[in-house]
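This report concerns only the one structure given below.
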Amino acid sequence: MGGTDVSRRSFLKGVGFAGLSAGAFGAFGAAGVAFADDASAGEAQSDMYRRLACDTNLVPVAKAACPGPRGPIGFEERDIAASEIARTEEFDIVVVGAGIGGLTASLKAAEEGAKVVCIEKMSKGRGCFECFGAVNAKCQEGTDIDKTALLDELYRSAYWRTRPEPARTYVDRSGEATDFWQEMLDKGESGFVISKVEEAPSTNGMPATTPLIDTELGFYDSPSLPSDADVRSGYSGIYVCLEMQEVAKTYDNLDLRFNTPGVQLVREGGNGRVTGVIAKSGEEYIRLDAAKGVILATGGYDANPELMEAWTRPEDYATSSWWNPGWGTTGDGHLMGIKVGAQMDPCPQPVMNFRWGNPDSFYDARTWNAIYFAIMVNGDGKRFVREDLPFQSVSNAQNAQPGYGKNCWQVFDETMFEGMEDAVEEFKGKGWLFEGSSPEELAKACGIDPQGLADTIERYNGFFERGVDEDFNRDLAGTIPFSGARFFALTTNSCILATVGGLMVDGSCRVLDTGDQVIEGLYAVGNASGGFFAGNYPRHIPGTSIGRAVTFGYVAAEHAVKGA
């Protein structure tokens with residue numbers, strides 16, 4: 001990417017080395033260290049341990065090349081001189097990013113009377129999501145949501161590695177933010193309606209092991225979605241964001257600019273208030289001053305392979321496919337924040353990765369029954385997970401298999417694949433599906449251990465006679481044994497939707513520095529913000545990613561305009 005490529009090793013080494021030197025040295029501990037009587041000898045020994053700790057060849061951390069997409073990077077590491085700035089413009093609020101969080105922030109700030117500019121480096125903005133979560137929105141009237149239980153589940157899902165304030169902001173203010181969102185959509189001409197998503201009490205996409213917390217909302221009742229939206233819920237976000245852009249154009253005090261990447265933050269004296277953003281318009285650098293605040297709404301970094309390799313687990317991406325219709329999520333906000341001293345979630349950071357992936361993206365709806373009833377096996381023909389867990393859990397279990405889950409399969413028979421009949425030849429032609437008249441024949445066709453697969457299917461069928469899955473406790477009442485004469489193996493991998501780690505924020509979405517102090521004038525929302533997830537994206541809690549983006553955009557804008 002030339003001069004703007006964030007993969008430049010100097011910056012990443014500067015960020016990564018500082019964290020590694022402290023963390024890795026601490027891992028060695030003090031056990032077995034002999035302390036010399038001579039001070040100089042002790043200092044030399046200390047230097048030796050520091051070198052050992054900082055030599056990455058000795059640190060047992062696996063790495064893997066990231067096969068994912070490479071999007072256009074806006075951030076620039078170098079210091080941009082004042083003489084390079086073509087012009088300066090003055091605003092109350094500068095929002096960087098026109099996804100769902102950025103558009104919500106822009107509209108809320110404009111509604112509060114602020115002079116706002118929202119800049120977006122892509123040509124049409126972004127926004128692809130299914131549904132989202134909220135608590136006590138008007139459209140949820142009559143739905144009993146236990147806020148205390150939801151907070152507890154958010155904390156538990158992060159193993160209490162997060163601070164409580166961001167989660168509380170989501171739970172306490174998401175209903176209000178959702179109502180505001182609907183008010184903005186009502187200003188549009190397409191008739192988008194936010195409505196409750198009905199699901200069985202104990203499921204979320206697939207059977208789950210904990211009761212569903214009934215927070216999910218979506219756009220299923222919006223007839224304005226075009227027929228070519230394909231999976232209506234999956235692509236509704238694109239059309240909703242386009243509608244919000246149209247609404248934004250009706251505000252005289254809101255300037256929405258595309259093809260305008262934010263490249264750097266402006267901070268007074270290097271450690272004072274953030275007062276603006278340096279952006280690029282064509283070949284010119286422009287300075288956008290923000291009297292009240294800058295809101296980073298740049299999304300994650302799933303389209304930046306170097307950051308994926310640096311900040312996430314290799315098993316979370318090494319054999320994954322990607323599902324995202326736009327590649328603007330390159331970590332610009334993360335890097336802009338780090339450059340001015342912001343604190344970030346510790347590494348490795350969580351990734352939203354789901355099961356159901358094919359080598360290109362997601363399998364389509366024709367595979368639903370087959371995958372629902374199938375067992376999942378590795379190259380040895382052995383099961384490795386309870387298949388009816390939520391998407392994320394199954395994905396994680398697969399990624400823990402040899403080769404980061406590269407040689408894993410959904411295995412089913414002809415009694416299980418209703419709806420997929422027309423796709424058999426298509427998937428075989430792509431090299432994704434194999435067939436055999438016996439488990440052994442199927443295994444030989446696709447490279448699974450024949451005896452291992454035969455033994456696994458025999459053992460699995462025996463569980464139905466005994467009434468319990470003795471290996472993984474799968475709910476056998478929701479599935480069926482193998483009883484057909486045609487056996488199939490469908491290749492499978494994890495699929496990445498987004499990264500969900502970012503800059504640490506307080507309950508008002510203000511960014512914190514490495515000393516835990518607020519960086520005045522700087523906010524982060526959506527997947528550019530952190531302190532919410534740890535280790536994993538909790539798929540069993542509906543819609544926390546988009547719910548967080550909408551809520552934090554709303555809260556950040558309100559705080560920036562009005563103050564505490």
Side-chain angles (χ1 to χ4, degrees), residues 199-212 354-356 363 365-402 405 407-421 423-424 427 432-494 539-540:
E199 290 195 89
S202 62
T203 69
N204 188 263
M206 285 191 128
T209 56
T210 57
L212 176 76
F354 285 5
R355 65 177 300 181
W356 217 281
Y363 281 112
R366 292 175 293 177
T367 65
W368 176 262
N369 281 330
I371 292 177
Y372 184 90
F373 290 121
I375 60 172
M376 290 186 72
V377 302
N378 58 23
D380 293 329
K382 296 179 179 179
R383 291 173 70 212
F384 53 84
V385 69
R386 174 177 171 163
E387 293 89 351
D388 60 352
L389 289 174
F391 293 167
Q392 181 92 9
S393 303
V394 177
S395 173
N396 290 341
Q398 177 172 347
N399 288 341
Q401 291 301 296
N407 186 27
C408 290
W409 303 84
Q410 306 275 3
V411 176
F412 50 93
D413 71 14
E414 61 187 336
T415 69
M416 304 173 181
F417 80 148
E418 181 182 356
M420 197 176 122
E421 296 89 343
V424 168
F427 290 162
W432 297 351
L433 181 68
F434 294 85
E435 181 178 349
S437 59
S438 67
E440 293 87 350
E441 183 178 300
L442 173 65
K444 291 176 182 177
C446 62
I448 301 174
D449 178 74
Q451 191 60 52
L453 182 60
D455 291 346
T456 292
I457 290 178
E458 181 180 7
R459 176 172 172 79
Y460 181 72
N461 277 351
F463 294 153
F464 288 87
E465 298 173 6
R466 296 187 289 278
V468 60
D469 177 354
E470 297 171 356
D471 290 337
F472 297 102
N473 200 33
R474 181 176 183 175
D475 181 6
L476 298 180
T479 186
I480 56 177
F482 286 80
S483 60
R486 298 170 66 196
F487 295 83
F488 299 90
L490 185 66
T491 187
T492 186
N493 55 258
S494 294
R539 173 67 173 91
H540 67 289

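We use all heavy atoms of the structure for the numbers below, so side chains are in, but hydrogens, waters and symmetry mates are not.
The shortest side-chain heavy-atom distance between Met420 and Leu433 falls under the 4.5 Å cut-off. Under the 4.5 Å side-chain criterion, counting only non-hydrogen atoms from C-beta, Ile375 is in contact with Ile457. Gln398 is not listed as a side-chain neighbour of Val394, based on a closest heavy-atom distance of 4.5 Å or more. The shortest side-chain heavy-atom distance between Tyr372 and Phe412 does not fall under the 4.5 Å cut-off. Counting heavy atoms from C-beta outward, Arg383 and Arg459 have side chains that stay 4.5 Å or more apart. A heavy-atom distance below 4.5 Å is not found between the side chains of Glu418 and Phe373. Here the side chains of Leu442 and Phe434 are in contact, with some heavy-atom distance below 4.5 Å. Side chains of Thr479 and Phe464 form a contact here, defined as non-hydrogen atoms less than 4.5 Å apart.
Note that the CG atom of Asn396 and the CZ atom of Phe354 stand 11.0 Å from one another [nearest 0.5 Å]. In this structure, CH2 on Trp432 lies 11.0 Å from OG1 on Thr492, to the nearest 0.5 angstrom. Annotation: the span from Asp413 atom CG to Ile480 atom CD1 amounts to 6.5 Å, rounded to 0.5 Å. Going from atom CG of Asp380 over to atom CD of Gln451 covers 12.5 Å, rounded to the nearest 0.5 Å. Put simply, CZ on Arg486 and CE on Met416 are 13.5 Å apart, with the number rounded to the nearest 0.5 Å. In this structure, the separation between CZ on Phe488 and CD on Glu435 is 4.0 Å, given to the nearest 0.5 Å.
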With side chain to side chain contact (heavy atoms under 4.5 Å, CB included) as the test, would you mind laying out the steps for Phe417 and Val424 before giving the verdict?
CA-CA 10 Å; Phe417 80 148; Val424 168; 3.6 Å; yes
Applying side chain to side chain contact (heavy atoms under 4.5 Å, CB included), run through Gln410 and Thr367 and close with a yes or a no.
CA-CA 10 Å; Gln410 306 275 3; Thr367 65; over 6 Å; no
Could you go step by step and tell me if Thr491 and Phe427 meet the side chain to side chain contact (heavy atoms under 4.5 Å, CB included) rule?
CA-CA 10 Å; Thr491 187; Phe427 290 162; over 6 Å; no
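Within the 3.5 Å criterion, the main-chain N or O of Gly381 finds a donor-acceptor partner in the side chain of Thr456. Put simply, the side chain of Glu470 never gets that close to the backbone of Phe463: no donor and acceptor are under 3.5 Å apart. When atom types are taken as modelled, the side chain of Ser438 and the backbone of Glu441 share a donor-acceptor pair closer than 3.5 angstrom. A donor-acceptor contact shorter than 3.5 Å links the side chain of Arg386 to the backbone of Asn473. Remark: the backbone N or O of Met376 is paired with a side-chain donor or acceptor of Glu387 at under 3.5 angstrom.
Between Trp409 and Cys446, the shortest heavy-atom contact is CZ2-O, 3.3 Å. Contact detail for Ala489 and Val411: the closest heavy-atom pair is CB-CG2, 4.3 Å. When all heavy atoms are compared, the tightest approach of Arg474 to Ala374 is NH1-O, 2.9 Å. Minimum heavy-atom separation, Pro439 to Leu453: O-CD2, 3.5 Å. Taking all atoms of both residues into account, the shortest heavy-atom contact from Glu440 to Ala454 is OE2-CB, 3.2 Å. The minimum heavy-atom distance linking Leu476 with Gly467 is given by the pair CD1-C, 4.0 Å.
A centroid separation of 6.0 Å or more is found between the aromatic rings of Tyr363 and Trp356.
Counting heavy-atom neighbours within 6.0 Å of Glu465 CD, excluding the residue itself, gives a total of 12 or less.
The ring-ring contact (aromatic ring centres under 6.0 Å, His included) check on Phe482 picks up nothing, with sequence neighbours excluded.
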